[in-house]
Every structure is written in C-alpha cells, then in structure tokens.
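Report on one structure; see the data block that follows.
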Amino acid sequence: MQYDHSDIETRWREEWRKRSTYRVENDTTKPKYYVLDMFPYPSGAGLHVGHPLGYIASDIVARFKRHQGFNVLHPMGYDSFGLPAEQYAIQTGQHPAKTTEENAARYRQQLDAIGFSFDWDREVRTSDPSFYKWTQWIFIQLFESWYDHEAQRARPITELIARFGEQGWHPTDACALTGDVEEELGAFTASEWNTFDERTNQRILQHFRLAYLSEAWVNWCPALGTVLANDEVKDGVSERGGHPVERKRMPQWSMRITAYAQRLIDGLDTLDWSDSIKEAQRNWIGRSEGALVKFKLKAGEGNIEVFTTRPDTLFGVTFVTLAPEHELVESVTPTERREEVMAYVTTAKNRSERDRMADVKKVSGVFTGAYCIHPFTGKEVPVWVGDYVLGGYGTGAVMAVPGGDQRDWNFATHFGLPIIAVTEGADISKEADERKDAIICSEGFLQGLAVPEAITRAIDELVKLGAGERRINYRLRDAAFGRQRYWGEPIPIYYKDGVPYALPESELPLKLPEVDKFLPTEDGEPPLARAANWSYQGHPLETTTMPGWAGSSWYFLRYMDPQNEGRFASPEAIDYWQQIDLYVGGSEHATGHLLYFRFWTKFLHDRGYINFDEPAKKLVNQGMIQGRSAHIQRLNLSATINAGSTVLDNTESFVGFQKGDAVALYNHAPGPKLFISTELLNEWKRVHSDPSHPVERFMNGKLVSHGKLVSQAMGEEITIHVGGDVEHWTTSTIIPTDCIEGETLVNLDMLRQWRDDFADSQFIHKDSGFHASREVDKMSKSKWNVVNPDDIISKYGADTLRLYEMFLGPIEQSKPWDTNGIEGTFRFLRKFWNLFYESDVFSVSDEAPTKAEFKVLHATLKKVTEDIEKMSFNTSVSQFMIAVNELGALKCHKRDVLEPLTIALAPFAPHIAEELWQKLGHTTSVTTAIWPKWDAQHLVEDNFSYPISFNGKTRLQLEFPIALDAKSVEAAVLANPEVQQRLEGKAPKKVIVVPKRIVNIVV
RNA sequence: GCCCGGGUGGUGAAAUGGUAGACACGAGGGACUUAAAAUCCCUUGGUCCGUAAGGGCUGUGCGGGUUCAAGUCCCGCCCCGGGCACCA
C-alpha cells in the first residue's frame, strides 16, 4: 500500500479530536513541563510558513517530554486586540470582534492542519471579556501599589498612605520611594497629609502608583488618532500602518517599570535566554554608574546638573553644554545674547532627534554668554548650547571634557575652545583619549590616580563639597500605557472631580461599549468617548484603552487555569505549573513584550500572587522565515533648466513641479507610470555614469537627454526642451510574486490586471521581456510575498511540512523560504513507510534484529534524543534519513527495530507515526508510548579506521582494534609498507596518536 | 559609532581543535518500464596529471598567528543580517 498522507492525516486529526488526545489535566502526581509559543495576532492574511517554524519546534519538544512521562502544558491562543482589526473596522464599519473571530477561526483551521498537540480547551483570547477582566484586575493592582526601594518590592498603596499619615514625606525620600520622579513634590508633614483635601492626597499618590496618570511626552500619531509606545514607532512613523508620528506632551497612563530597572537587569543572570536577547534588554535598560555633578551658576540662583560616568575627568572640564530644549537655556542667557541663542535653539530643536544623532560629524552650537562655577577649581566655565546633547537623556546637560570625550573634542575644536589633557600619554592635538585604563594627569588631587580610584575620589570630594553625589542612571523610561483607540482593554478607571479612581473588582470586566464609529470624536477624544452612558455611578470612565502588550504580559498564567471565574488562575494551578520551561518566539520582541512580561511577573510576585519572579526559564528565538519579494523600478525624470527658458509641450503624461530653477518631471498621476526593466536599468546606470556614452545610444531612441527629452514609450512623442541635463532616479515598487514567471520575468498582463494603476503604465524593456529584481524580505502581506502552508499540506501533507521546516537549518537562523528541497523529506517518509511493507502488504517480522540493525536503531535513538534536548532538529531529521537508508539497504522489517523508531519519529511526524503504531497492533495512541532509551552496548565498535596523516594531511586509512594502545598503534602504523614508502626511509620527527581519532606523522 | 549574530559546494546545510562538505535538493549518467510516474544504482568543491586504476595541488570571507593538527582558538581587517543610539 502506498503512503497516502491525506487519508492518514485527516483520519487521525479527527480521531485525536474525538479522543481528546491532547487534553491536559492539572495532574499533580506527574512532573510538569510547560512549553509555550508566543501567541499570534490573528491577521487577515492567515498563517504563513514562517509562523509554524517555532510552533513545530515547540510541538516536538512538547511531544518528546510527554513520551518521557511529563505532564506537558502546551497551549495556544490569540493576541486578539490590535490595530489592523480596528483599521479594517474603520474602513468597512465591520465590528473588530467579528473580523477577529473570523481570522481566529481561519488560524485555528490552519493550525489544526499541521497536527499540533495543543490543548484547545485552554485557548485564551486577550479580547475575550473573561480574559481581559483579569488584565483589568492586574491593572488595578498596579494602580493600588507603590514601589518601596528600601524593601525592593511593590507594596499596597494603603501602606504608603498609612506611612504618610504617620511620618509625612520629605523630598530626600524621592529616590527611595518612587524610582522616577517626574515633577518636584514638596515636603509635607503627617498632620499636613491628614488635613489635605482628597484631591491633593490623590494628586500626591499619583507620584507613587505603579500605574499612574501624568503629563508625559508621547509619540502622537494624528492619522491613527492615537499614542504609540517607543517600540511601536519605526523611523518616525507608526510600525503598523506607517503614519507620521510627532512628539507631544499629554496626560497619559503610564507604568512605572523604571522602579524595576535593576531587578530586570539582575534577573537576566538567572535565565537561560540567548545572549543577544539579554544584551538587548541590558542596553534597553541602560544602566550606567557615575555621578551627578552640580555646576553653580555664576549669575543668579541655581545649578546646572549633569550626569557623568567619568567624574575622574572633572579637572578637564572646559565648558558645559546644554541641550537646546534644556529648561535653563532661556533663563541663563543674558538679554544681549538672547536673540542669537534662541534662534539657534529653534533651528536645533526642529531637527529631528534622529537627524541629530545620525549626524556626528556636523558640529553646531552657540555660546549662551553665561558662566557656571567649577566645583573643584572655582574657575568660571562657559555655558554653551549644542545639539549633540539630547534633551531626553540624563539631565539634558553635559560637562564637556574635550580631552577625554571625542564628541566634546569635536565641539571644542570646531569652536576653538580649550582642550586639557586628562590622561597620561594622551595626544590631545589629534583626538580625545577615552581609555579607562589610564592614569589621570590633570591638576589637583586626582593627579597620578588610575581611573577607577580617581572616580571614587572625585565623588567623595563632590559629596564633601555638596556639589554632587554618586548616581546610577538608567536609560529605561516608564512605559506609556494609554491608547486613543477602540480595540483594546478599557482601563478600569473613573474620574470623580477629575481625580482617577479604580473601579471596584465587582464591576469587572468593564466591557468595551458599542460605538457608532471606531474613530476619535470630532474634538479629538478617543473612540470610547462616543459610547452612550460611558460612566460609573454618574462619574465619567476613562476613554483610553490598554496597549497591545497588556494581555500578553500575563497570558501565560491564564493557560494554567483558563476557565477560573474567581481569580486570574488558582494558586494550586500556579503552584503546579510554575514558570514556563521553554518559551519560543521571535527575537523582535526582545525589548517590548519580553520586558513587560518580566515586569508584570515580578510585580505579581511582589504582591504575593505567584511564587516566582521570572516568567520563562528558557527562551529560544526562532529565526524569521523570509520571503523573496519582487521589486520593479519606476523611473522618474527631472531636468534642470534655466528659469524662463522652459518650453513644456504636451506634458499630460508628465507632471512637472517647478522648484527653484529645477523642474522635476514625475511621471505619476494623473499620467501613466513609467517602469524600467531591471537589466535595462542597470545597463543604463552603468553607461549613464560614463560621460562618453550619451543616453540615447542605449535607450534606443526612446529617451534622449541633453536638450531634448522624448518618450515614444508613452504612446506618443513628447518633446520637452530643457537647458540642462536630464536626471533620472528610480523608486522601487513591490509587486506580487504571483505575477512572476520563473525567477524574474514579469507577466505584464497579470500585473496590469492586478491593480488599476498598472493598467495604463508603460514598461520599458528589451525583447527578453520585463524583469523584476528579487530581494529577501520579511515575509508579510504588505510585501506580497506570503507563502501559505495550505498548498504544501495538500500536496505533501503536514508531516512533510513539519519535517521540512525543521530540516531547513538551525531553528534560530533566519532563512528565505524555498521549497526546493521538500521532495527529500517527502521521499524520506515514503521510504520509512515502505520499511513496514513488503510487496504492498503490511509485513513486520518478530525476528530478532542483527547486530548491524541494532546499531542503526541505537545510533539513531542516541542522536535524536540528544538533538531534541539541544533543539537541533535539522540534524535529527538527517539522522532519521540515514537510519531509513541503512535499514532499507539491510532490508530490515523487524518489529524490535521499527517500533522504537516509530515512537522516536512521532514528535516530528505524528500522523504517520500514529498510523504505523496502530498497524503494529497497538490500541493506545503513540503519544503515550514510553520514549525508547538508547543502549551503548549496541554502539560498541571493535575496530577503528585511523586516518593516517602526514603533517596534518590525511593520506591513508588503517584499521586497528579499538583496544590497541597508542604505542602499539604507532608501531603498527610505522611498520605499514605504504607508510614506509611515504617516509622514504627517513625517520619521522614525531608521531602523534590520538586513540580512536587520528594518527599524525610529522616529517 | 557601539553591541549581538553570521560568512563553508550550484542550493539548504553538517562537523567535542583531529579524515571539511554528513544529510538533502539540484545536476549528470545508468537500471526497470511500451511510456510516464514511482523506485533503485553510480558520479557530483575546484583544478591538474593519467587511457585507466589511481595520484598531485588547492579549498570553509581576507591577512597574520598559536598548534603535531585550525571551519573551530588568538590578533587585525572586509562584507551581510539584527539590535541600540552618542547616558557624555
């Protein structure tokens, strides 16, 4: 009988469903193992071949652990709140819940088709009120908590209120209590606290709550009418949708993650996560040790505060630089310099932060006219403004040490400011010396000290003078938590006299209200403001919703006890399942999800709800499966002309924009677009850069430069008289890979049909047709390069897909999707199947296996077992292939070999394994079979074939018994006639014998 | 600029410092077949010598080094991918 994957797979999936084969109980008599995949956002594009890569890997581990007797929790769900569904809702009026439901159903169907061992009874969806009830509940716990830096943990806010009532508050407690103070908070006594009105008390508490409302700089996206988190903004536009984003200050719900900065760093040491992810988190949190130094202003009151990691270089300070947005800039600048300074500030601020950071070489700045006083020398130090200092970092001011910092050096050199050497052996005429293993050579008490000692000494001195203190600085900011959107968890807060209060738990879940439109209101309020009666006991409810990462920050706990109505999960369930043993997902979540999820876990731990403070012990990042998208080049033309001498005739096909003395001719709307075939473009570029080749020579008369621009490609001749050179540039457009034949040839008819605007486009190409270029890109719907697993499953089956994705290479590595090799894994399964058949009849013998057959079996069991533990699945698939090839050659059809092999294959290819397992006469599922142990006795070799090398180059092989010791091997080798011949009678200088490895003869 | 990955045949890749290219795709040749599908066998890094058997040289991004022995370790570069942004 032929291997019929579609019959086997559909039958077994149905059977597993009927038998609830993958149902998991909280069975505390068995050891547990928790394998989790990062749950997907159910997008309209459906699942693509990139998604399952991680899911297959984790499914193999989950099944493997089950075979080893573990009770394995391996659930799946949906991160089902999100912007795409909302944007779709805005466009079509369709409720996001409906599209989400449809998309999830499609995902489910696709996931089922791959044969995953998920327990779907435990499915969670973040947009389900029974789930987000607990997201809201956790939010309230955060709102009702503060961070006690002395105890290093979160505590109920009631304890802080009691403390205020007894001791009041003093600003020196600031660091100890809040972690990140946004505004100055005046001191108050206990009796003052007790007599403040409610409003004042609540305002003060906002400074301590872990979820709090404050004025904050946010990334405002007008097009989406919403605020985006830092990690949701890419290149100044929203990551989803690509709309422009601007910095804006507004009231904003935030999470005080900064309170956990140190613990988030320290916790990394206990985790089995990849170094690159840990490093990314460390960099994101950005701890730096140093000192806060105060430079007293010469005129007037106050100090300029700077943070420095190098207080040892203080004697090298020759000026102080403020960021253009620094609040002191205006007040320190004397009237006579104000105009010049403020003019600079305005231009500098208008440059985007990104530009300012990217442009290291362009130095700009202005002297304010003010001076401050050096804390050690008492000398006057000029105060400058420079855009190389960023407002958002540290204190927004730096003490400039041009002798020890390259950027300060650049600034000083540019403006002719003095440069003092701070370290011995530095050549400050060429560059700054940033070495940290140097000796300080500047004047004063630091002279002659090594950098670390000098740092300590400098800080001691600053403290003594009251001019500074030791300070640890973090780059991490509090996380923005409110969204001006509809499709997210409502924040369970109401306002009484403008003061936020948490809803009582009995009011949860606070369900998303119905709205007429999913858009912000006309006066810019979030969509929830459209809802009728959006209030609690007459008090208005919060109208922003939670961000995408809220639900994913704790979902792993809900899987433990998904139906619990009285708690997010029962203490018993949490106690049993504990941390995630293996978490699999993409590394793009390094500083978003993976940081927040650790933060919430630590918080829940502090408040005593869970007994561990890291969510996932081991993390594996699967690489991206990339797509190969097709790009075509659109040609744009422009001509530089002399103003006034323009003659533009018949320009309907081109749209001209006059800018200064240049006319840009864009061939886009309303006229037809002009595209150029890749190879022709390359040819054109090559020749165009060579002045001896005029353009017309290879453009075949279609486009002619120098004085005249003619296009016949447009269907009619257009003549444009220009005075200067014609310039061209191209813009890349991505087209669907469906329109490509072979590697690069574009089917123009298909392309014209695909989208209206291609219908009347012009395509310039040679007789060989129009060619696109292929580029490796992220696989995504927007790139039109998505490969869907469904076609592969229907052609080859899920088992082949599973094996193939694993066979592609190491799990962490990114690679472009290519189905070229899939035949190999399909053939392997057919060969495996055929081991159970003889002339089309199922036939397995009970005969005892031979030594050779046992050796193949046990070598495979050993390799596969070890490889699964290392998550090296590509090599285990190879080993299965070797086993099948060898057993095929041995014509082995023996039960004692095939049965253990079937179990070992089951995690990889569960359908075929289950089918053969039943055919072998079993009535229980192969998933419950005990994992076969490999036995070293079958792997013992009698002989080893030594490679005999001369000076490291292998020349021949000689076989010796394994038991033979090194001396005897050496003697035997040297006695060999071929070796003798190669030695030509000379004695070897040295002979190295590594038992069971190699013999190397040095001549 | 900094940090983390990576660079091995036509392709995906393998290799505790110990025979580089396992396994698979593709390609070429052959067997079976009326034919095809399927299956099986052989060859397949480059290059040179040889009719052949066989043998030589060369080869893991580049240049050095350590070692009896380097894809693997060390130093210095180049390129690709990802992350971070000048925390002073």
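Below, read A as the first sequence line, B as the second, and so on, with proteins coming before strands; counting in each chain starts at 1.
For A:Arg471, no side-chain nitrogen or oxygen approaches OP1 or OP2 of B:C87 to under 4.0 Å. Dashed line: the shortest gap from a side-chain N or O of A:Asn874 to OP1 or OP2 of B:A14 is under 4.0 Å. OP1 or OP2 of B:C57 lies within a sub-4.0 Å distance of a side-chain N or O belonging to A:Arg955. Between A:Lys953 and the phosphate of B:U58, there is a side-chain N or O to OP1/OP2 separation shorter than 4.0 Å. Regarding contacts with the backbone of B:C25, a side-chain N or O of A:Arg827 is found under 4.0 angstrom from either OP1 or OP2. Dashed line: the shortest gap from a side-chain N or O of A:Gln879 to OP1 or OP2 of B:A14 is not under 4.0 Å. Taking side-chain N and O atoms only, A:Arg830 has a distance below 4.0 Å to OP1 or OP2 of B:U39.
Here B:G81 sits opposite B:C4 as a Watson-Crick or G-U wobble pair (both hydrogen-bonding atom distances under 3.5 Å). In this structure, B:G71 makes no Watson-Crick or G-U wobble pair, since no nucleotide meets both defining distances under 3.5 angstrom. Under the Watson-Crick and G-U wobble criteria, each requiring two contacts below 3.5 Å, nucleotide B:C87 is left unpaired. Searching all strands for a Watson-Crick or G-U wobble partner of B:A27 with both distances below 3.5 Å returns B:U43.
B:U44 and B:C23 have their P atoms separated by 12 Å, with the value rounded to a whole Å. Separating the C1' atom of B:G54 from that of B:G50 is a span of 8 Å, rounded to the nearest Å.
Across the protein-nucleic acid pair, A:Glu812 atom CD and B:G82 atom P stand 17 Å apart, rounded to whole Å. Atoms CD (A:Gln813) and P (B:G81) sit 15 Å apart, rounded to a whole Å. Distance CZ (A:Phe807) to P (B:C25): 8 Å, rounded to an integer number of Å.
Nucleic acid contact class of A:Lys989 (heavy atoms, under 4.0 Å, all strands): none. Within the nucleic acid shown, A:Ile992 comes within 4.0 Å of at least one base atom, counting heavy atoms only.
In terms of modelled atom types and a separation under 3.5 Å, the side chain of A:His893 and the main chain of A:Phe842 share no donor-acceptor contact. Panel note: side chain A:Asn874, backbone A:Met806; no donor-acceptor pair is recorded below 3.5 Å.
The side chain of A:Ile998 lies closest to B:G18, out of B:G26, B:G18, B:C23. Considering only side-chain atoms of A:Lys990, the nucleotide from B:C23, B:G12, B:C68 that sits closest is B:C68. Considering only the side chain of A:Asn1000, B:C68 comes nearest among B:C68, B:U19, B:G26. Proximity note for A:Ala280 (side chain, C-beta onward) versus B:G12, B:G83, B:A22: the nearest is B:G83. With B:A69, B:C4, B:A14 as the candidates, the nucleotide lying closest to the side chain of A:Glu279 is B:C4. Of the listed nucleotides (B:A85, B:U19, B:C23), B:C23 has the atom at the smallest distance from the side chain of A:Ile882. Across B:A13, B:C68, B:A24, the shortest atom-to-atom separation from the side chain of A:Met881 is found for B:A24. Side-chain proximity of A:Pro810 to the nucleotides B:A85, B:A13, B:C40 is greatest for B:A13. In this structure, of B:U58, B:C3, B:C40, it is B:C3 that holds the atom nearest to the side chain of A:Asn283. Distances from the side chain of A:Thr954 to the nucleotides B:A14, B:A20, B:C87 place B:A20 closest.
Under a cutoff of 6.0 Å and an axis angle of 45°, A:Lys278 and A:Trp273 do not form a cation-pi pair.
Here CD1 of A:Ile792 is found 5.0 Å from CD1 of A:Ile822. Values are rounded to the nearest 0.5 Å.
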Q: Dump the intermediate steps for side-chain contact (heavy atoms from CB on, under 4.5 Å) on A:Lys996 and A:Ile962, then the final yes or no.
A: CA-CA 7 Å; A:Lys996 285 166 74 180; A:Ile962 265 172; 4.0 Å; yes

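Partner A:Arg310 forms a side-chain hydrogen bond (donor to acceptor under 3.5 Å, both in side chains) with one of A:Thr308, A:Thr313, A:Asp312 and no other, that one being A:Asp312.
Few gaps surround CD on A:Gln957; more than 12 heavy atoms of other groups in view lie less than 6.0 Å from it.
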